[in-house]
Amino acid sequence: MVLEIDKLNVKFHLEPIVVKAVRDVSLKIKRECLALIGESGSGKSVLGMSILRILPENAKVEGKIIFEGKNLLELKEKEMRKIRGSRISWIPQNPATSLNPVLKVGFQVSEAMIEHGIGKNFAFEKTLKLFDSLSLRPAEEKAKNYPCELSGGMKQRVLVCMGISNDPDLIIADEPTKGIDVVKRNAVAKLFQKLKDVSSLLLITHDLRFAEKLADRVAVMYCGQVLEIRDADEFFKEPLHPYSKALLNSLPPKLVPIKGSSPSMVNPPKGCSFHERCDYVKEICREEVPNGEIKCWLYA
Ligand code: SF4
């Protein structure tokens, strides 16, 4: 087991309302690629950020996130800094705004290692090797570039170099294909295949076809809850939860829209969070929250 999340709840206090972004989520991440999928606004990125404790100050996080026997939510910030970017790294969703525009990209990748105690020369040599392995060539030349001199795909590869530079145990990638066209998406998929070889990967994405290419297991998020956790092959062959079925049916070639709209995260529905949109709704669904790996009373 690489990381275990137990009964995680995240609320944002936005006077006078409270947004319940993650509700009672338990999840285990093994040495694998686990894709956390679901529509935008379902709480996926908030869950990822709560692992690294990079949420804004108005977030209240409860539960446990166990990594190497320690609850990350109880660590002092100093201890957390040693883990962040070193043992667990984060690849942000927007390469264009995530690099420092006034620093050379090679320096930025080396810095990520130097911060964690690696010597300057070794860090720079490793940066060049990483650049070369991800086809940022010629590496010495690319390392001297500023972010504005690189294409979007190259910037993303620089961020991946940064993410893997300290040989982390877990990489969390937030929406790596957001705003990327189909051709470039294949290149990103190849890049992430390489990542799977070096580390466990928590892939946060609304892009189901991208998840299908990479994931070993899938966790489906909806309205702050995980509704289904399955092996990816089985899931994409036959999703079980009615929301998962609707999600896959909304893709080409079927293109059947999911009826209704996502519920409020301020006042989430009582019982099953999907009951207002579900064709199979029963009386119990409106009253009681289903439990288990498939959170649906059809499988209880
Ligand atoms: Fe539908 Fe009921 Fe299952 Fe919810 S618990 S998905 S409402 S059948």
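Numbering of ligands and ligand atoms starts at 1, following listing order. Atom set for the values below is all heavy atoms of this structure, side chains included, hydrogens, waters and symmetry mates excluded.
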Item to complete: May I ask whether His241 places a heavy atom under 4.0 Å from ligand 1?
Response: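 Flag set, His241 near ligand 1.
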
Cut-off 3.5 Å, side chains only: do [X] and [Y] have a donor facing an acceptor?
X: Tyr243; Y: Glu39; result: yes
X: Asn9; Y: Lys60; result: no
X: Asn71; Y: Lys64; result: no

Practice prompt. Would you mind running through ligand 1 and noting each atom that sits below 4.0 Å from a heavy atom of His275?
Written response: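 Matching atoms, with element in brackets: 7 (S).
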
Discussion item. With heavy-atom distances below 4.0 Å as the criterion, list the atoms of ligand 1 near Leu298.
Written reply: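 It comes down to these atoms of ligand 1: 8 (S).
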
Decide, yes or no, whether a salt bridge links [X] with [Y] under the criterion of side-chain N to carboxylate O below 4.0 Å.
X: Glu276; Y: Arg286; result: no
X: Arg217; Y: Asp231; result: no
X: Glu293; Y: Arg230; result: no

Item to complete: Give a yes or no on whether Lys11 atom NZ has more than 12 heavy-atom contacts from other residues, nucleotides or ligands under 6.0 Å away.
Response: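 Atom NZ in Lys11 is not crowded, with 12 or fewer foreign heavy atoms closer than 6.0 Å.
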
For [atom], which protein heavy atom lies nearest, and how many Å away is it?
atom: atom 5 (S) of ligand 1; result: Trp297 N, 3.1 Å
atom: atom 3 (Fe) of ligand 1; result: Cys296 SG, 2.3 Å
atom: atom 1 (Fe) of ligand 1; result: Cys278 SG, 2.4 Å

Worksheet item: What do we get for Cys272 next to ligand 1 when only non-hydrogen atoms under 4.0 Å count, side chain, backbone, both or neither?
Response: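 Side chain only; the backbone of Cys272 stays clear of ligand 1.
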
Item to complete: Determine whether the side chain, the backbone, both or neither of Lys295 has a heavy atom under 4.0 Å from any heavy atom of ligand 1.
Response: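 The answer is neither; Lys295 stays 4.0 Å or more away.
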
Item to complete: Output yes if Cys285 passes the N/O/S-under-2.8 Å test against atom 2 (Fe) of ligand 1; output no otherwise.
Response: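 Yes, Cys285 qualifies, because one of its backbone or side-chain N, O or S atoms lies under 2.8 Å.
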
